[in-house]
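Quick notes on the structure that follows.
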Amino acid sequence: MKDFNKNDVQKVAKYTHWSKENIGAFLADYIYPNRKNWIDFSKILSLVLGAGLFGIGVIFFFAYNWDVIPKFTKLSIIFGLILVFTMISILPKLSTLIKQLSLTLAATMVGVLFAVFGQIYQTGANAFDFFLAWAVFSLLWVLVARFMPLWILYIALLNTTLYFYFDQIRPNWRDVTILNFFFALNIFALLINCAVWFYKKEKPNKIITYLLALTCVIFSIIFVGYSIFNSVFILTDAVFLVINFAGLAFVILLGLKYKQVFYIAIVGLAAIVIFSMLIIKMFDSDLMFFPLMLLIIASTTGLVFIITNLLKKWKNE
């Protein structure tokens, strides 16, 4: 029943003699959240908050007591926590959620370990080295856990690593090149995410897929806008434009395949923003303000019309 939603009930009721009382009972039993669902949600939320607060507590513990804790004790505590959290994840009697949370804490402690090690021995490592080591050596826990919040944190970690790479290692690279590296990283993560779910013959997880798609679209808008208003435009920028538009086309195909208007909406809004920037660049006049506003309103109305028609078409199938 997990893939059965309210729209499916309405379709069945439309072509059958299902009574209102039975429909209400079915919705209450299988569709609407009941007391048990809320209790389960509260338990999960408490576990997640507890795990997060514990990780923050460990970090503040070292920060506050840094001068009084011996070097060996600092490293021993962190190694011990990594070992304990990893061992918890292999205990057979624990629930899957607790195992995933324990692996999430273990991956977090890997970052704490590198931070403490660098502070103790003054390795001279910059922020890029720290985040890169954290990303590389926590990958095992991320793959084993298969936990959506941990995947989101890991993707954020990869983006942070890439940011410090360009900030500290390659500070002289062109902005458009940097933007496209971020776009490539997130579109690759989106492709891998969709490929995994396609292999499982299931719909992709909405939260992580939405976040990745939105991130890709934002980077694409920034890159195209930078290309429009930048006076220097070389051949590689044209290649980057093709790659970006191919990525946006993939996001649209994703929305059409899984019948999710979110993907259509964000790409449609991106198209409106890009087209507006083109108009501003071409005319560059205060007199275009009012016509441009009318154009944006008309484009937004057209996008809403397209999305509404798609929703009607998908519901009637």
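- Using a 4.5 Å cut-off on side-chain heavy atoms (C-beta onward), Phe219 and Asn244 make no contact.
- When side chains are defined from C-beta on, Phe85 does not count as touching Leu101, because their heavy atoms never get closer than 4.5 Å.
- Classification of the Trp134-Phe130 ring pair by plane angle, with boundaries at 30° and 60°, yields tilted.
- Between the CZ atom in Phe79 and the CG atom in Leu75 there is a gap of 6.5 Å [rounded to 0.5 Å].
- Thr108 meets the side-chain hydrogen bond (donor to acceptor under 3.5 Å, both in side chains) test with no other residue; sequence neighbours excluded.
- When all heavy atoms of Thr161 and Ala135 are compared, the pair lying nearest together is OG1-CB, 4.3 Å.
- Using a 4.5 Å heavy-atom cutoff, the side chains of Leu162 and Leu158 are not in contact.
- No side-chain donor-acceptor contact under 3.5 Å links Asn193 to the backbone of Ala189.
- Side-chain atoms of Ser299 come within 3.5 Å of backbone atoms of Leu295 as a donor-acceptor pair (strictly under, hydrogens ignored).
- Between Leu256 and Trp314, some side-chain heavy-atom pair lies under the 4.5 Å cut-off.
- Considering CZ of Phe223 and CD1 of Ile228, their distance stands at 10.0 Å, rounded to 0.5 Å.
- Taken from CD1 in Ile296 to OG1 in Thr301, the straight-line distance is 11.5 Å, to the nearest 0.5 Å.
- Taking CZ of Phe229 as the start and CG of Leu278 as the end, the distance is 8.0 Å to the nearest 0.5 Å.
- Between the side chains of Thr104 and Trp141, no donor N or O sits under 3.5 Å from an acceptor N or O.
- By the 4.5 Å heavy-atom criterion applied to side chains, Leu190 and Cys194 are counted as neighbours.
- Between the side chain of Ser89 and the main chain of Thr86, a donor-acceptor pair closer than 3.5 Å is present.
- Between Phe166 and Phe181, the distance from one ring center to the other falls under 6.0 angstrom.
- Checking side-chain atoms of Ser102 against main-chain N and O of Lys99 turns up a donor-acceptor pair under 3.5 Å.
- When hydrophobic clusters are built by joining Ile, Leu, Val, Met, Phe, Trp and Tyr residues whose side-chain heavy atoms come closer than 4.5 Å, directly or via intermediates, Val242 is not grouped with Ile221.
- Leu83 is not connected to Leu105 by any chain of hydrophobic side-chain contacts under 4.5 Å among Ile, Leu, Val, Met, Phe, Trp and Tyr, and they are in different clusters.
- With hydrophobic clusters built from ILVMFWY side chains whose heavy atoms lie under 4.5 angstrom apart, Leu132 shares a cluster with Trp173.
- By the 4.5 Å heavy-atom criterion applied to side chains, Leu91 and Leu94 are counted as neighbours.
- Using bins of under 30°, 30° to 60° and over 60° for the plane-to-plane angle, the ring pair Phe137/Phe114 lands in the tilted bin.
- By the 4.5 Å heavy-atom criterion applied to side chains, Leu292 and Ser276 are counted as neighbours.
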Worked verdict on Tyr154 versus Leu157 for side-chain contact (heavy atoms from CB on, under 4.5 Å): CA-CA 5 Å; Tyr154 190 73; Leu157 179 60; 4.3 Å; yes
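- Leu143 and Leu185 fall within the same hydrophobic cluster, where Ile, Leu, Val, Met, Phe, Trp and Tyr residues are linked whenever their side-chain heavy atoms come under 4.5 Å apart, directly or through other members.
- Distance CG/Asp167 to CZ/Phe164: 6.5 Å, rounded to 0.5 Å.
- In this structure, the side chain of Gln100 engages the main chain of Ala145 through a donor-acceptor pair within 3.5 Å.
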Dump the intermediate steps for side-chain contact (heavy atoms from CB on, under 4.5 Å) on Phe131 and Tyr165, then the final yes or no. CA-CA 10 Å; Phe131 284 105; Tyr165 173 77; over 6 Å; no
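- Taking a 6.0 Å sphere around CE of Met87, one finds it holds 12 or fewer heavy atoms contributed by other residues, nucleotides or ligands.
- Without hydrogens or angle criteria, Gln260 side chain to Leu254 main chain gives no donor-acceptor distance under 3.5 Å.
- The side chain to side chain contact (heavy atoms under 4.5 Å, CB included) test with Phe147 singles out one residue from Leu97, Leu103, Thr96, Leu153, and that residue is Leu97.
- Contacts classified as ring-ring contact (aromatic ring centres under 6.0 Å, His included) and involving residues 247-271 (residues at least two apart or in different chains) are given here: Tyr210-Phe262, Tyr210-Tyr263.
- Taking each heavy atom of Ile207 and Met148 in turn, the nearest pair found is CD1-CE, 3.7 Å.
- The two atoms that bring Leu269 and Leu303 nearest to each other are N-CD2, 3.8 Å, heavy atoms only.
- Here Ser227 contributes atom OG and Met277 contributes atom CE; the two are 9.0 Å apart, rounded to the nearest 0.5 Å.
- In summary, the side chains of Thr215 and Asn186 do not present any donor paired with an acceptor at a separation below 3.5 Å, with no hydrogens or angles considered.
- Considering only heavy atoms from C-beta on, Ile208 comes within 4.5 Å of Ile155 through its side chain.
- Transitive grouping of hydrophobic side chains (ILVMFWY, heavy atoms separated by less than 4.5 Å) keeps Phe183 and Leu253 in distinct clusters.
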